[in-house]
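A short write-up of the structure that comes next.
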There are 2 protein chains.
Amino acid sequence: MRVRIEDVAKAAGVSMKTVSRVLNNEPTVRDATRERVQAAAKALNYRPDPSARRLAGRRSYLVALLYDNPSASYVMEALEGVVETCQAHHYGMMVQPLDYTDPELIAGIESLVAISKIDGLILTPPLTDMTALLDRLDELNIPHSCISPNNRRGGIGVTLQEHDAAQDMVSHLVELGHTRIAHIKGHSAHGASDWRLAGYRSGLRRAGLRYDPALVIDGEFSFDSGRAAAEALLALPERPTAIFAANDDMATGVMGVLHERGLSIPGDISVCGFDDTPISRQVFPALTTIHQPVREMAHEATLQLIKAIKDPASGTLVQLPYALQARQSTGPAPGT
Amino acid sequence: MRVRIEDVAKAAGVSMKTVSRVLNNEPTVRDATRERVQAAAKALNYRPDPSARRLAGRRSYLVALLYDNPSASYVMEALEGVVETCQAHHYGMMVQPLDYTDPELIAGIESLVAISKIDGLILTPPLTDMTALLDRLDELNIPHSCISPNNRRGGIGVTLQEHDAAQDMVSHLVELGHTRIAHIKGHSAHGASDWRLAGYRSGLRRAGLRYDPALVIDGEFSFDSGRAAAEALLALPERPTAIFAANDDMATGVMGVLHERGLSIPGDISVCGFDDTPISRQVFPALTTIHQPVREMAHEATLQLIKAIKDPASGTLVQLPYALQARQSTGPAPGT
DNA sequence: TTGAAAGCGCTAACAT
DNA sequence: ATGTTAGCGCTTTCAA
């Protein structure tokens with residue numbers, strides 16, 4: 001049979017409860033005792049039984065990653081960041097794909113938390129921007145940490161200066177001589193779409209360029225919406241020399257249309273995206289984009305969540321740096 | 001407090017144990033009793049406590065998805081297939097990213113299973129092809145189900161006729177008039193690489209074409225290895241008119257090199273891949289490839305695993321159909 | 001600072 | 001076909 005807490009207690013010459021205290025890092029144990037227990041646990045290769053802990057402790061030591069994100073690479077990166085951090089902190093992880101348009105969404109999350117006694121949630125966009133959901137979680141006192149929330153409610157998690165990143169991208173294009181720079185917005189459910197648009201506008205302003213609403217097209221973060229937007233932009237009387245899509249998938253849609261029309265990238269039109277998903281290296285020419293350290297963001301978000309689970313007063317909103325990743329899809333404006 | 005099994009028992013006028021029987025679908029309950037219990041459970045909105053079940057039952061009702069796969073979209077599709085199926089069958093799911101080159105791999109998996117009392121494992125390539133791992137799992141009687149195993153050991157899970165798929169792809173190219181068809185092999189740790197190569201060879205044979213070893217290049221399933229292979233093929237005295245890469249990532253590498261050289265796809269050279277990952281639609285021109293129903297495969301693999309957990313004698317190897325997805329990257333051979 | 005006892009909510013084993 | 005009892009391995013009381 002497997003090693004139980006009692007075996008460790010016996011080996012260390014203490015009671016079960018003391019072993020339990022050591023395991024859970026409770027402070028009220030003498031150092032000498034603590035070390036003796038730790039040595040015994042190690043010698044016996046003791047691993048606490050998760051189910052027993054959960055049952056007795058009335059909590060799950062379980063964190064759930066909730067997502068509704070079309071980008072597989074984004075979710076996978078986040079997933080791995082969360083898994084690693086959970087492992088290091090002896091938490092388990094559940095994954096829950098969700099449909100953010102589902103009217104039963106909140107109820108579903110509530111019952112997930114209730115049944116599995118989830119200790120805390122990690123949210124990814126666009127769930128991070130659903131006010132009703134966040135309000136309900138606050139109301140129920142369910143700790144939750146957001147990856148890239150795009151609202152102003154504080155809370156805990158990790159953010160990126162999306163606004164500045166978009167602004168930098170515009171500056172990059174301006175430096176290349178572009179003056180007619182189009183923007184394809186992201187999906188309206190994502191707060192990021194607004195921030196990126198705002199960054200685009202301040203980038204123009206900073207360069208002394210006029211904001212032309214005709215150059216801003218609605219998109220949905222999808223390849224197909226990128227295609228549609230590109231077609232709309234090419235139909236303009238005076239077409240742009242650069243197209244800044246709010247994510248990489250839309251940028252690849254744009255590139256497809258340009259290729260079909262025999263336009264050269266970046267010779268005729270520069271294209272750039274946002275996210276630095278793996279696809280940005282795989283298209284031709286390789287896509288200029290904004291790198292997000294998604295895995296580290298997930299790591300940090302998990303760390304903050306675990307802090308908040310232990311002490312609801314702690315846990316903060318951490319900011320991580322982005323990086324403009326210039327590749328071959330952006331170049332000098334034609335005639336520069 | 002939450003509803004417990006005792007409350008349901010009281011409401012239905014039976015013992016706890018009978019409720020437990022109904023919940024676990026044990027056959028030895030009269031229909032009338034069963035219905036009464038089910039009604040009571042529903043009325044009280046009773047949800048069994050997973051930790052208590054696990055502790056008392058000495059098992060976890062937990063399945064783990066193990067992977068070491070560079071393709072995010074593949075893993076995500078598989079993940080969702082597994083999650084949905086687990087939910088439907090009241091199993092929990094863990095996800096465990098692994099490094100298949102880690103010498104501690106098997107030990108790590110063993111301790112995962114021991115600690116979390118995992119009931120069964122779902123493996124994806126290349127783990128499905130690691131004989132030492134599979135042997136050890138058999139030895140320890142740990143139920144495991146493979147998605148796309150490429151070995152001949154039987155076992156349970158889901159397969160695809162990879163050989164036939166590759167052969168069909170060659171036939172597709174032959175019909176387009178190609179006679180110099182190159183193949184870029186996949187990573188040697190993946191059994192799929194061998195099957196796809198074998199399919200390529202029988203495709204040639206079926207068309208009466210000679211197998212030319214110079215036209216077969218080693219790859220590693222990565223974008224960069226696709227690039228390197230393409231460069232090698234273009235350096236050949238007589239270059240191929242079609243390049244069949246063993247996966248989509250390598251195919252995109254090939255396309256990048258061809259674009260750089262100013263070669264037209266498919267005008268000068270046709271390119272095709274395997275897997276039908278989302279990227280195949282997003283590159284230009286859209287990639288001809290083989291579609292795998294990964295999500296359904298994961299669903300079926302999970303189903304078989306759950307069967308095998310309940311009854312080790314059951315569970316089979318199910319075969320699912322592939323589909324050749326012809327897009328714009330393949331066309332008539334030059335001069336046809 | 002440490003320990004003893006009493007559960008946590010369920011299932012296994014053994015009744016009946 | 002159903003019930004009774006005794007745990008599963010841990011943490012929470014509460015006492016020392």
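All chains are named by letter (A, B, ...) in the order of the sequence lines, taking the proteins before the strands, and each is independently numbered beginning at 1. Nothing here was measured: the structure is a model prediction, and the numbers come from that model.
- Atom CG of B:L55 is separated from atom C1' of C:dT11 by 10 Å (rounded to the nearest Å).
- The A:R21 side chain lies nearest to C:dG3 when the options are D:dT2, C:dG3, D:dC10.
- Proximity note for B:T33 (side chain, C-beta onward) versus D:dT11, D:dC8, D:dT2: the nearest is D:dT2.
- Relative to the side chain of A:M16, the nucleotides D:dG3, D:dT11, C:dT11 differ in distance, and D:dT11 lies closest.
- Heavy atoms of other residues, nucleotides or ligands lying less than 6.0 angstrom from NZ of A:K307 number 12 at most.
- Regarding A:R54, its CZ atom lies at a distance of 16 Å from the P atom of C:dC10, rounded to whole Å.
- Side-chain contact check for A:T101 and A:D99: at least one donor-acceptor pair (N or O, by modelled atom type) lies under 3.5 Å.
- The shortest distance between the side-chain N/O atoms of B:S20 and the OP1/OP2 oxygens of C:dT11 is below 4.0 Å.
- A:T18 has a side-chain polar atom (N or O) that falls below the 4.0 Å cut-off from OP1 or OP2 of C:dG3.
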Legend entry - B:V22 and B:Q38: CA distance, side-chain angles, deciding distance, side chain to side chain contact (heavy atoms under 4.5 Å, CB included) verdict: CA-CA 7 Å; B:V22 172; B:Q38 281 165 340; 3.8 Å; yes
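- Between A:Q96 and B:Q87, the side chains place a donor N or O and an acceptor N or O closer than 3.5 Å (distance only, hydrogens not considered).
- Taking atom CD on B:E26 and atom P on C:dC10, their separation rounds to 15 Å, with Å as the unit.
- Between B:K117 atom NZ and C:dT11 atom P the separation is 14 Å, expressed in whole Å.
- No more than 12 heavy atoms of other residues, nucleotides or ligands lie within 6.0 Å of CD in A:E104, so this atom counts as exposed by the packing criterion.
- C:dG9 atom C1' lies 10 Å from atom CZ of A:R58, rounded to whole Å.
- The B:I5 side chain lies nearest to C:dT11 when the options are C:dT11, C:dT2, D:dT11.
- Projected onto DNA chain D by closest heavy-atom contact, B:V29 and A:L23 fall at different nucleotides, the more 5' of which corresponds to B:V29.
- One finds a side-chain N or O of A:R30 lying less than 4.0 angstrom from the OP1 or OP2 phosphate oxygen of C:dT2.
- Remark: B:M297 CE to B:T302 OG1 distance equals 11.5 Å, nearest 0.5 Å.
- Nearer the 5' end of DNA chain C, as judged by each residue's closest nucleotide, is the contact made by B:S51, out of B:K17 and B:S51.
- Taking the nucleotide of DNA chain D with the nearest heavy atom to each of B:G13 and B:A56, the more 5' of the two is matched to B:G13.
- What separates CD1 of B:I115 from P of D:dC8 is a distance of 20 Å, to the nearest Å.
- Distance CZ (A:R59) to C1' (C:dG9): 18 Å, rounded to an integer number of Å.
- Of the residues in residues 38-48 of chain A, those with a non-hydrogen atom less than 4.0 angstrom from any atom of DNA chain D are A:Y46, A:P48.
- A heavy-atom distance below 4.5 Å is found between the side chains of A:L123 and A:L134.
- Enclosure of atom CD in B:E296 is not indicated, since only 12 or fewer non-hydrogen atoms of other residues, nucleotides or ligands lie within 6.0 angstrom.
- Taking atom CZ of residue B:R4 and atom C1' of nucleotide C:dG7, one finds them 11 Å apart after rounding to whole Å.
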